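Sequence lines set the chain letters: A, B, ... in the order given, protein chains first and strands last, and positions in each chain run from 1. Bear in mind that the values here come from a model prediction, so they are computed numbers and not experimental data.
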Number of protein chains: 2
Amino acid sequence: METIIPYYPAMQKTARKSRSVVRPPGRPREFDMDTALDRAVRVFSERGYHATSIGDLTAAMRLATGSVYKAFRDKHAVFLAAFERYVVLRQEQTRRAAAQGGTGRERLRNLLLSYVEHSQGSEGRRGCLVVGSAVELSAVDPVVAALVSARLETNEGFIAGLIREGQADGSIPRHVAADDTARLMICITQGLRVVGKARLSLDGKRLVAVAMKLLA
Amino acid sequence: METIIPYYPAMQKTARKSRSVVRPPGRPREFDMDTALDRAVRVFSERGYHATSIGDLTAAMRLATGSVYKAFRDKHAVFLAAFERYVVLRQEQTRRAAAQGGTGRERLRNLLLSYVEHSQGSEGRRGCLVVGSAVELSAVDPVVAALVSARLETNEGFIAGLIREGQADGSIPRHVAADDTARLMICITQGLRVVGKARLSLDGKRLVAVAMKLLA
DNA sequence: CATATTAGGAAACAATCGTTTCCGATATCT
DNA sequence: AGATATCGGAAACGATTGTTTCCTAATATG
């Protein structure tokens, strides 16, 4: 059985409660938590949670063991912080890719194309942290399971919204079932990350062209 | 770094080389390797490779530590044997599901329906060993990576074959791109297992109805 | 300049990991 | 029945895990 620590990280970096009471008299070298977490995301994505040791983590984050444990309660907390950092960045990228499109249909095509590209090459081989967490941890870690489900549902809602936008602007037929199609497209995006990690080649234009038939 | 042992299991159960030279004079309780491996598949699928300890394994397989290490070189060999056992069983199930269908189109629908059903409920929560291996091990274990890729390509070839059968019997239009559609359907099937592990509900009939539009 | 406070780093912690070894129990063959 | 070969089970192995602790080096404030 697995001991689960269902708590959030207690970062001390931004934890100066009120700067009038607790003053920061002396502080050594600069410390950038976000770039450190970005590097943690890379290791966790590539190796997964259990195969990533604290040594791997500190090497990747370029932080000493002590520094990590001063910033986070434990390994699980580092993972949760990395997960949330990953989700924020990926959501930003996805929405930006979708945004450049005149119609709902075009925005959806851009979103799918973006997913295929991120599933390829070195990033594809590294893998998606959401997919990795779903597969490796969902069954044994309720905290991660909830985060993963929430993420999938948010994504699905976003896709369903794009479909409805397309139906409003006339680029997608009214008879398309928005919710069912969105759920299937979530399967496609998650499946793309699995296939990309298995190193199978993915031709973006052709795959997306086929997928767009779901909007006919 | 991970030490990778790229060798196959050395099962001693069926390893009586020539029964005239090495005779089996005495053998204790019966030993059913296949059902033991089936139980190993369950643990590995649910927890993944790294989170499954030898203790978990022996408890699930109902074998003593010594027995496991007499039948297999190490944990990695147990995993490979379980993986191949899983692949054989799943392939059998999938082909049987597809077989009961008069046209290529019907066989494809049955295959997709079978995938949705296996991605749901307790089996869905347990997860697919191929998907799990792709996500957790492909990046660090070349042996498993090769097995996973081979499995995906076999599946993709089977689906492409069904599409071509459908085109031959007139149930699927000729203009459908068999290879591209098959690759996208592989993404759908793998994505279904990811989503199923995240406990999202899946309505088989409706999802498959949407997916069948790829054959229009 | 002196002081307080933080990150870096190494060393040590208990716990668990995968693996090996040993021996008694069990069942088959001569 | 007696000999023999295997499985079950437990105990012990070193290696590695995640975590804690202590000390040094470095810096912004008073």
(message) Could you tell me how far apart B:Y49 (OH) and C:dC17 (P) are, to the nearest whole angstrom?
(response) 13 Å
(request) Could you say whether A:G55 or A:G66 is positioned toward the 5' end of DNA chain D, judged by the nucleotide with the nearest heavy atom to each? (result) A:G55
(message) So, OP1 or OP2 of D:dT19: does either fall under 4.0 Å of a side-chain N or O from A:Y69?
(response) yes
(message) Output the rounded distance in Å from CZ (A:R47) to P (D:dT16).
(response) 15 Å
(message) Looking only at the side chain of B:K75 (C-beta and beyond, no hydrogens), which of the listed nucleotides C:dG8, D:dT17, C:dG18 gets closest?
(response) C:dG18
(message) Distance check needed: C:dG9 P versus A:R62 CZ, whole Å only.
(response) 13 Å
(request) Identify which nucleotide among C:dT19, D:dC7, C:dG8 has an atom closest to any side-chain atom of A:K70, counting heavy atoms from C-beta outward. (result) C:dG8
(request) Look at the side chain of B:D74 and decide which nucleotide, out of C:dG9, D:dG8, C:dT19, has an atom nearest to it. (result) C:dT19
(message) Heavy atoms only, 4.0 Å cut-off, all strands: where does B:T58 land among base, sugar-phosphate and nothing?
(response) nothing
(request) Round to a whole Å and report the spacing from CG of B:D56 to C1' of C:dG18. (result) 13 Å
(request) Would you please classify the geometry between the B:Y49 ring and the B:F79 ring as parallel, tilted or perpendicular, with 30° and 60° separating the classes? (result) perpendicular
Show which side-chain atoms of residues 121-130 of chain A pair as donor or acceptor with protein atoms under 3.5 Å away, not counting sequence neighbours.
{"residue": "A:E123", "atom": "OE1", "partner": "A:H118", "partner atom": "ND1", "Å": "2.9"}
{"residue": "A:E123", "atom": "OE2", "partner": "A:H118", "partner atom": "ND1", "Å": "2.7"}

(message) In this structure, how many angstroms lie between the C1' atom of D:dG9 and the CG atom of B:L63, rounded?
(response) 12 Å
(message) What I'd like to find out is whether the side chain of A:E156 reaches to under 4.5 Å of the side chain of B:L200, using heavy atoms alone.
(response) yes
(request) Cation-pi check, A:R39 to A:Y86: give yes when NZ or CZ is under 6.0 Å from the six-membered ring centre and within 45° of the ring axis, no otherwise. (result) no
(message) Which helical stems does DNA chain C take part in, if a stem means at least 3 consecutive Watson-Crick or G-U pairs with both distances below 3.5 Å?
(response) C:1-12 with D:19-30, C:14-17 with D:14-17, C:19-30 with D:1-12
(message) Starting the side chain at C-beta, find the nucleotide from C:dG18, D:dT17, D:dG8 nearest to A:S53.
(response) D:dT17
(message) Nearest to the A:S67 side chain among C:dG8, D:dT19, D:dG9, which nucleotide is it?
(response) C:dG8
(request) Can you figure out which of C:dG8, C:dT19, D:dG18 approaches the side chain of B:I54 most closely? (result) C:dT19
(message) Given B:R151, which partner from the list B:V148, B:N155, B:L147 fulfils the side chain to side chain contact (heavy atoms under 4.5 Å, CB included) test?
(response) B:N155
(message) From CG of A:L57 over to P of D:dT16, roughly how many Å is that when rounded to an integer?
(response) 18 Å
(message) Could you check whether B:R164 pairs with B:D179 (Lys NZ or Arg NE/NH1/NH2 to Asp/Glu carboxylate O, under 4.0 Å)?
(response) yes
(message) Given the ring of A:Y115, does A:R193 sit roughly above its face, with NZ or CZ under 6.0 Å from the centre of the six-membered ring and within 45° of the axis?
(response) no
